[in-house]
Amino acid sequence: MSRPPSVEEGVITCPEFDLRMTLESGQTFHWTPETTGEGTAYTGCIGKTPFRLRQEGNLLHFRGGAATMLHHYFALDHDLELIRSSCLGHRVSHDSALACRGLRIMRQPHWECLATFILSPMKQVAHIRQMSLALRSSFGTHLPGTPIPSFPEPASLAAATEADLRSCGLGFRAKSLHATAGLIAEGKFDPESLVSMSTPEARKALCALPGIGRKVANCILLFAYERLEAVPVDVWIARILGSFRSGKATPEQLESYGEKLLGPYAGYIQQYLFHQARTGKLLIPKKPDRKKSVKPPSPVRKKAREHVLA
DNA sequence: GACCAGGTGCCAG
DNA sequence: CTGGCACATGGT
């Protein structure tokens, strides 16, 4: 009896790579750690190919698909030293870049990345992970060799009902995901068509989809389409960039400010700042100030939309 | 139990 | 153009 076909096992060298930091930095959401006698191993899949990964120094041990697939997925060809040096002029950014050595911006499958970032608005990383895994379990393909199913195809999600998606904990995001999956399944939008477009064109195409605004579009461009200059402005990045300047600014103003301040690899540098802030290693001023200000005497604060119960 | 999360879309002024 | 608000859910 021959062994199961096409399951490779091996090792590749991965200088300047930190598997854990890369997988847990909020760009991908389904890789699952497990503690083994030899350290932490991550189980997941790239597209429909299951993988099990474990890093040991500059070696990446793997079981599953081909080594070339890993190399491409984790962008081991990116010149991190060059990327770090691109923000030498800005102290805080460069310090963050040094602290995040080995964190790489990945090349994720287009649809999978697009769909999971439709789930991201007003959700913490841990919650996006939950929703992603729930969708995989309910609508994905169960692959041999890993407990993590592949991400469901657009047609699978389009065939489901919006209520089915809601039961995966998506909340109001179910509508956007269902609609976008339908557009793709019907051939009205092709994620692959973005590859040959300029970044502004691709951004515009993404923003035309339901539930995708500038921030989510930039995440997709950065994490799936290798547009390393794209700067997603979320609450964290807004605070950070806001602390570098004075006065108020719209998210779009902060985005172009960030593009200029952080240079040609602004998206990469943004990820370093994001990671440092989110893990409490980058001190940022408290929020501008929530609504703790003077409460107007007017008793009517919210729209009276209470349902009369009983 | 309030507060917040890798926001977006819509509507009023 | 800008400000305000609804939209769902779960962890701290």
Side-chain angles (χ1 to χ4, degrees), chain A residues 21-30 96 100 103 105-106 108 112-135 162-180 203-204 206-224 227 230-242 247-255 258 266-280 282 284 286-293 295-296 298 300-307:
Chain A
M21 197 161 31
T22 298
L23 292 182
E24 297 180 1
S25 68
Q27 50 178 322
T28 184
F29 302 93
H30 75 279
S96 293
C100 295
L103 198 178
I105 301 290
M106 302 157 59
Q108 295 182 57
E112 172 182 325
C113 182
L114 192 163
T116 53
F117 274 96
I118 284 181
L119 307 181
S120 70
M122 299 305 297
K123 278 295 183 188
Q124 294 187 0
V125 170
H127 298 150
I128 302 170
R129 175 184 175 75
Q130 285 181 14
M131 295 184 284
S132 164
L133 290 174
L135 285 174
E162 197 182 308
D164 290 335
L165 301 188
R166 244 167 219 271
S167 70
C168 289
L170 304 199
F172 60 81
R173 303 155 196 83
K175 191 185 191 95
S176 305
L177 182 62
H178 189 256
T180 297
R203 183 184 289 120
K204 185 190 244 182
L206 286 170
C207 287
L209 297 172
I212 299 186
R214 246 193 126 78
K215 187 271 168 184
V216 167
N218 282 329
C219 282
I220 297 164
L221 290 170
L222 179 61
F223 300 135
R227 307 305 170 101
V231 179
V233 178
D234 71 326
V235 290
W236 292 94
I237 294 299
R239 279 179 216 150
I240 296 167
L241 291 177
K248 295 206 182 307
T250 66
E252 195 161 344
Q253 287 171 324
L254 289 174
E255 180 184 332
Y268 241 106
I269 309 305
Q270 166 275 153
Q271 191 68 3
Y272 294 145
L273 290 168
F274 174 80
H275 187 263
Q276 288 300 93
R278 203 171 69 84
T279 54
L282 177 62
I284 44 183
K286 315 185 58 166
K287 315 197 69 158
D289 65 287
R290 37 208 121 159
K291 49 199 60 177
K292 64 154 183 204
S293 53
K295 195 161 292 194
S298 163
V300 181
R301 303 291 305 155
K302 292 182 151 184
K303 211 194 319 189
R305 53 186 297 283
E306 304 296 331
H307 297 286

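Predicted model, so just to flag it, every value in this text is computed and none were measured. Sequence lines set the chain letters: A, B, ... in the order given, protein chains first and strands last, and positions in each chain run from 1.
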Say whether, by atom type as modelled, one donor and one acceptor occur between the side chain of [X] and the main chain of [Y] under 3.5 angstrom.
X: A/R203; Y: A/A217; result: no
X: A/S25; Y: A/T22; result: yes
X: A/S132; Y: A/I128; result: no
X: A/Q27; Y: A/M106; result: yes

Please report the distance, rounded to the nearest Å, between [atom1] in [X] and [atom2] in [N].
X: A/L177; N: C/dT9; atom1: CG; atom2: P; value: 15 Å
X: A/Q253; N: C/dC1; atom1: CD; atom2: P; value: 11 Å
X: A/M131; N: C/dT9; atom1: CE; atom2: P; value: 11 Å

Below 4.5 Å, heavy atoms only, C-beta onward: do [X] and [Y] meet side chain to side chain?
X: A/F274; Y: A/D234; value: yes
X: A/L114; Y: A/L206; value: yes
X: A/P210; Y: A/K175; value: no
X: A/L165; Y: A/L135; value: yes

Which value, in whole Å, describes the distance between the [atom1] atoms of nucleotides [N] and [M]?
N: C/dG4; M: B/dG6; atom1: C1'; result: 22 Å
N: B/dC4; M: C/dC5; atom1: P; result: 15 Å
N: B/dG9; M: C/dG10; atom1: C1'; result: 23 Å
N: C/dA6; M: B/dA2; atom1: P; result: 16 Å

Sequence-distant partners of A/R214, salt bridge (charged side-chain N to carboxylate O under 4.0 Å, His left out), two or more places apart: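 Counting only residues at least two positions away or on another chain, A/R214 forms a salt bridge (charged side-chain N to carboxylate O under 4.0 Å, His left out) with A/E252, A/E255.
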
Name the nucleic acid region contacted by A/R166, choosing base, sugar-phosphate or nothing; use a 4.0 angstrom heavy-atom cut-off, strictly under.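 Result for A/R166 = sugar-phosphate.
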
Contact nearer the 5' end of DNA chain C, comparing A/H127 with A/R173: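 It is A/R173, whose closest nucleotide lies nearer the 5' terminus.
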
When you check every protein heavy atom under 4.0 Å of nucleotides 6-13 of chain B, what one-letter string (B, S, -) results, 5' to 3'? BBSS----

Using Watson-Crick or G-U wobble pairs with both distances under 3.5 Å, give me DNA chain B in dot-bracket, 5' to 3', with [ ] for crossers and | for pairs to another strand. .||||.|||||||

